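The next block holds one structure in the form of structure tokens; read it before the comments.
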Amino acid sequence: MAKNYDFKTIEKKWQEKWEETGVFHAKQDFTLPKYYCLVEFPYPSGQGLHVGHPRSYTALDIIARKKRLEGYNVLYPMGWDAFGLPTENYAIKNHIHPEIVTRDNVAHFKQQLQSLGFSFDWSREVNTTDPSYYKWTQWIFLQLFKNGLAYKKEMAVNWCTSCKCVLANEEVVNGVCERCGSEVIRKVKSQWMLKITEYAQRLVDDLDSLNFIERVKLQQRNWIGRSTGAEVDFTSTCGDKITVYTTRPDTLFGATYMVFAPEHPYVEQWIKEGRLTNVDEVRAYQEASARKSDFERSEVNKDKTGVRLQGVAAINPVNDAEIPIFISDYVLISYGTGAIMAVPAHDTRDWEFANAFGLPMIEVVQGGDIEKEAFTDCATGVMVNSGFLTGLSVEDAKVKITEWLTEQGKGHQKVNFKLRDWVFSRQRYWGEPIPLVYCEKCGWVPLEESELPLRLPEVDSYEPTDDGESPLAKMTDWVNTTCPHCGGPAKRETDTMPQWAGSSWYFLRYCDPHNDEALASKEALAYWTPVDWYNGGMEHTTLHLLYSRFWHKFRYDIGVVPTAEPYQKRTSHGMILGENGEKMSKSRGNVVNPDEIVNDYGADTMRLYEMFIGDFEKAAPWNSASIKGCKRFLDRAWGLQDILTDGDAYRPELDSLMHKTIKKVTGDIDALKANTAIAAMMTLLNKFYELGSVNKAELKTFLLILNPFAPHLTEEMWSVLAFGGTVTDQKWPTYDEAKCKDDEIEIVIQINGKIRAKLTVAADIEAADAIAQAKQNERIAAELDGKNIIKELYVKGKLVNIVAK
RNA sequence: GCGGGUAUGGCGGAAUUGGCAGACGCGCCGGAUUUAGGAUCCGGUAUCUCCGAUGUGCAGGUUCAAGUCCUGUUACCCGCACCA
């Protein structure tokens, strides 16, 4: 009898051996076929690893290990996205430098990851807080700045009252801070912005060429929010040109009023020019809406409010009709032109507003009942009351009116995006310093590239300030510097970059992590990029994933990288929930600690369980009891040693099952269906025990296909049984398609679609024979007695169905 | 409100093209072994009025045949949310 499998000793032994031999280091040989597997590098929080992390890491570890056995030069790296607020807050609270906190957290995370036996290439570990790393983050920022894609702007931003920091639009969820859940208010501040909107079109279009799961593509498309419509120029009664954006230019004849966002510049202008007769009322409304948070402003089912601008009206270019102008906060200054033409008969919001204010409606598309609700259907309606558009379909009318507007010089087709520019500065300490200085004479001036990295200075206090200044602002020695351009006195930018900066290019650094001359060498980038398979969380779809695609496209444009897209394939894992089906959290008390699982059951069991838990893409609740099944399976696999016999070929009775299992496991790994791959291996193992033996050829194959899932146990058995070398030296087993088919199959015989008998027949039996044999069956014959056969059919390899009355 | 997804035993979940629903695992029941507990091994396990019928959220439909396709509907989850 083999001794019990001592996972603690054996797993440690192999982990040390892998580290010692560097067997998982990507090879520097650029002639080999390559495969780049990537998982999102973690933020090394003080809490340590969450059981959710290994779900993603194990899935791609399986891919990486299999690809290596298939002969690929695999890059499967790991690193640390280590800038960020929790570290800074912990540092403030405990009076420890964030660098120390980061170092300790990284050490803990690394030890935890290594205890799970992932085949990461640790020689390429990167850390975003390392000056030799953020040197290149700063370098990329400088290129953005030099190319006009970074600009500073005074604007209303999202301000987290607890983090005391600006948030990107993407970081505000339901009006509260994505990170801490505190209230987010609007604050006017001068901010660094990145022109992601300049790439909106390409970010949408290029999705088509990528192998991303559909829900990721869809979410990015919706977030970018492209719409095609027209800009139409109205005229004010005092001669100003008022441009509005609409996706329904066909309804132009139905415009009965116009609405401006309260912040629209014409309001200010007309007040100055003394054209408005109700200035007090207008001012009051402007102030009231300015006080509201974004959240209040966007609350659903809110009654429409607004104020008419008395003294000025707009003139419709298509029929010279004079229509009133209102300001209302349902029109946003940040989208389109900040002004709309209102067509209450055919737009729900305009309909509500018109009803609240008793404004007239003109039906211009027939087909609905505008007394009851706005008729917004574009597909079925016919134009009415619309001059030269009358009688056309909506689609034709759109084309015709746009042509007309263009000819008349009163408008043109226009594409708009919901995506807004990226608010890039943060008023915090623990981030990359922005390498710019402000000179009274020269304005914003970039540091010389030779000055990079611009290191974070030591500060006395990391406390954020209530006035919205970065803690760095207090470091006058650091702030006061000289202008690289004119040599005069200048001040450094004291805001830092958001956490998304370092993660927008880390996958490039892995290709060549120790390069001093460039973010990575051209040769390494040409060989390794794009990433072949990237797995990560859905929560990053409109954050990290979108930001890094934007940065990558920019780098492509300036010739730094060889591809327009960073990631060829993107998948996303479901969350692991607590045992009660709720999200794991400290406050719910349902957190599972991965260290305990590894300690009690071993890394291989943990890996196997995380893959067996369910559909990889879906959320799955943790179940402590089920882990036992995985442990049992591995113990039984270990026990195969006791029933091992000689044999260099699969035994005939197992031949077909062996080939089928290889096929199933191979296909399922590629399709990210580890759960059914494991089920197939369990079935095979059960078969070995049922037969009471396994021969060498069979066991070798079994260990090879199990290896990516349970690398420690399989290596140990391979070694103990002296199969030669290590599993990592072997080739992934192949299967013979012909042998995956059975000679004899069982088919079902149905009468009127109900199963009445089963029959074993040759796999290649002809339909007529199958039906004939079916009818000879006693039971079938009895059932058919006295009935008329209406129809007989044979589905190859499946069933015979006889329809009879 | 808009967009997307999900719904299958006591539980987690299987089921390429419509073709034996419930693979695999957990749990449970029975047995063996064991001083005992645990572990292990063997057998069983959708439901019911049990030689037959019924069963994949609910109601219809198409088909020889529906978890799978179509129409309607409910519940839950995720994303967006006055984007003109």
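Values below: all heavy atoms of this structure, side chains included; hydrogens, waters and symmetry mates excluded. Residue numbering restarts at 1 for every chain, and letters A, B, ... go by the order of the sequence lines. None of these values were measured; they are calculated from a predicted model.
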Length of the [atom1]-[atom2] vector between [X] and [N], whole Å:
X	N	atom1	atom2	value
Lys418(A)	G79(B)	NZ	P	15 Å
Glu617(A)	C78(B)	CD	C1'	14 Å
Lys796(A)	C20(B)	NZ	C1'	18 Å
Glu352(A)	A84(B)	CD	P	16 Å
Tyr601(A)	C26(B)	OH	C1'	12 Å
Tyr689(A)	C42(B)	OH	P	9 Å
Tyr609(A)	C26(B)	OH	P	12 Å
Asn222(A)	C2(B)	CG	P	14 Å

Could you please name the option among [options] that lies closest to any side-chain atom of [X]?
X	options	answer
Lys628(A)	A84(B), A39(B), C24(B)	A39(B)
Asp329(A)	G12(B), C82(B), A14(B)	C82(B)
Thr247(A)	G19(B), C41(B), A84(B)	A84(B)
Asn801(A)	C64(B), G4(B), A14(B)	C64(B)
Arg632(A)	G19(B), C26(B), A84(B)	C26(B)
Tyr335(A)	G12(B), A84(B), C20(B)	A84(B)
Trp223(A)	A15(B), C80(B), C11(B)	C80(B)
Phe612(A)	C24(B), G3(B), C64(B)	C24(B)
Ser626(A)	G13(B), A84(B), C26(B)	C26(B)
Val803(A)	C64(B), C20(B), A84(B)	C64(B)

Integer angstrom distance from the [atom1] of [N] to that of [M]:
N	M	atom1	value
G22(B)	U45(B)	P	12 Å
G13(B)	A23(B)	P	15 Å
G12(B)	U6(B)	C1'	15 Å
C41(B)	U47(B)	C1'	30 Å
C77(B)	G72(B)	P	24 Å
A59(B)	C50(B)	C1'	30 Å
G9(B)	G5(B)	C1'	24 Å
A65(B)	C20(B)	P	15 Å

Query - Assigned glycosidic conformation for C50(B) [threshold 90° from 0] - result: syn
Query raised in the report: What's the base orientation of G9(B): syn (chi within 90° of 0) or anti?
Result: syn
Are [X] and [N] close enough that a side-chain N or O sits under 4.0 Å from OP1 or OP2?
X	N	result
Arg756(A)	G52(B)	no
Tyr330(A)	A84(B)	no
Lys798(A)	U16(B)	no
Ser227(A)	A84(B)	yes
Asn675(A)	A14(B)	yes
Asn686(A)	G25(B)	yes
Lys673(A)	A15(B)	yes

**Report entry** Flag if over 12 foreign heavy atoms under 6.0 Å of NZ, Lys217(A)
**Finding:** yes
Query raised in the report: Residues two or more places apart in sequence or in another chain: which of them pass side chain to side chain donor-acceptor pair (under 3.5 Å) with Asp615(A)?
Result: Lys618(A)
Under 3.5 Å, is there a donor-acceptor pair between the [X] and [Y] side chains?
X	Y	answer
Asn416(A)	Ser227(A)	no
Thr683(A)	Asn686(A)	no
Thr542(A)	Tyr547(A)	no
Asp350(A)	Tyr330(A)	yes
Glu617(A)	His573(A)	no

Query raised in the report: Centroid-to-centroid, Tyr257(A) to Phe353(A), below 6.0 Å?
Result: yes
Query raised in the report: Would you say the ring centroid of Tyr609(A) lies under 6.0 angstrom from that of Trp622(A)?
Result: yes
Look at all strands and tell whether [X] reaches a base, only sugar-phosphate, or nothing, counting heavy atoms closer than 4.0 Å.
X	answer
Ile755(A)	sugar-phosphate
Ala680(A)	nothing
Lys754(A)	sugar-phosphate
Asp350(A)	nothing
Leu799(A)	base
Glu792(A)	nothing
Arg636(A)	sugar-phosphate

Query raised in the report: Is any NZ, NE, NH1 or NH2 atom of the basic residue among Glu352(A) and Lys304(A) found under 4.0 Å from an Asp or Glu carboxylate oxygen of the other?
Result: yes
Query raised in the report: Salt bridge between Glu40(A) and Arg570(A), side-chain N to carboxylate O under 4.0 Å?
Result: yes
**Report entry** Pairing string, 5' to 3', for RNA chain B - Watson-Crick or wobble contacts under 3.5 Å, brackets [ ] where pairs cross, | to another strand
**Finding:** (((((((..(((......[....)))((((((.......))))))(((...)))..(((((..]....))))))))))))....
Requested in this report: Could you list all the ring pair (Phe, Tyr, Trp, His ring centres under 6.0 Å) pairs where at least one residue sits in residues 659-689 of chain A, not counting sequence neighbours?
Outcome: Tyr650(A)-His659(A), Phe688(A)-Phe702(A)
Report summary line: On RNA chain B, more 5' by nearest nucleotide between Lys758(A) and Phe417(A) is Lys758(A)
Requested in this report: Between Val748(A) and Thr676(A), just flag the one whose closest nucleotide in RNA chain B comes earlier from the 5' side.
Outcome: Thr676(A)
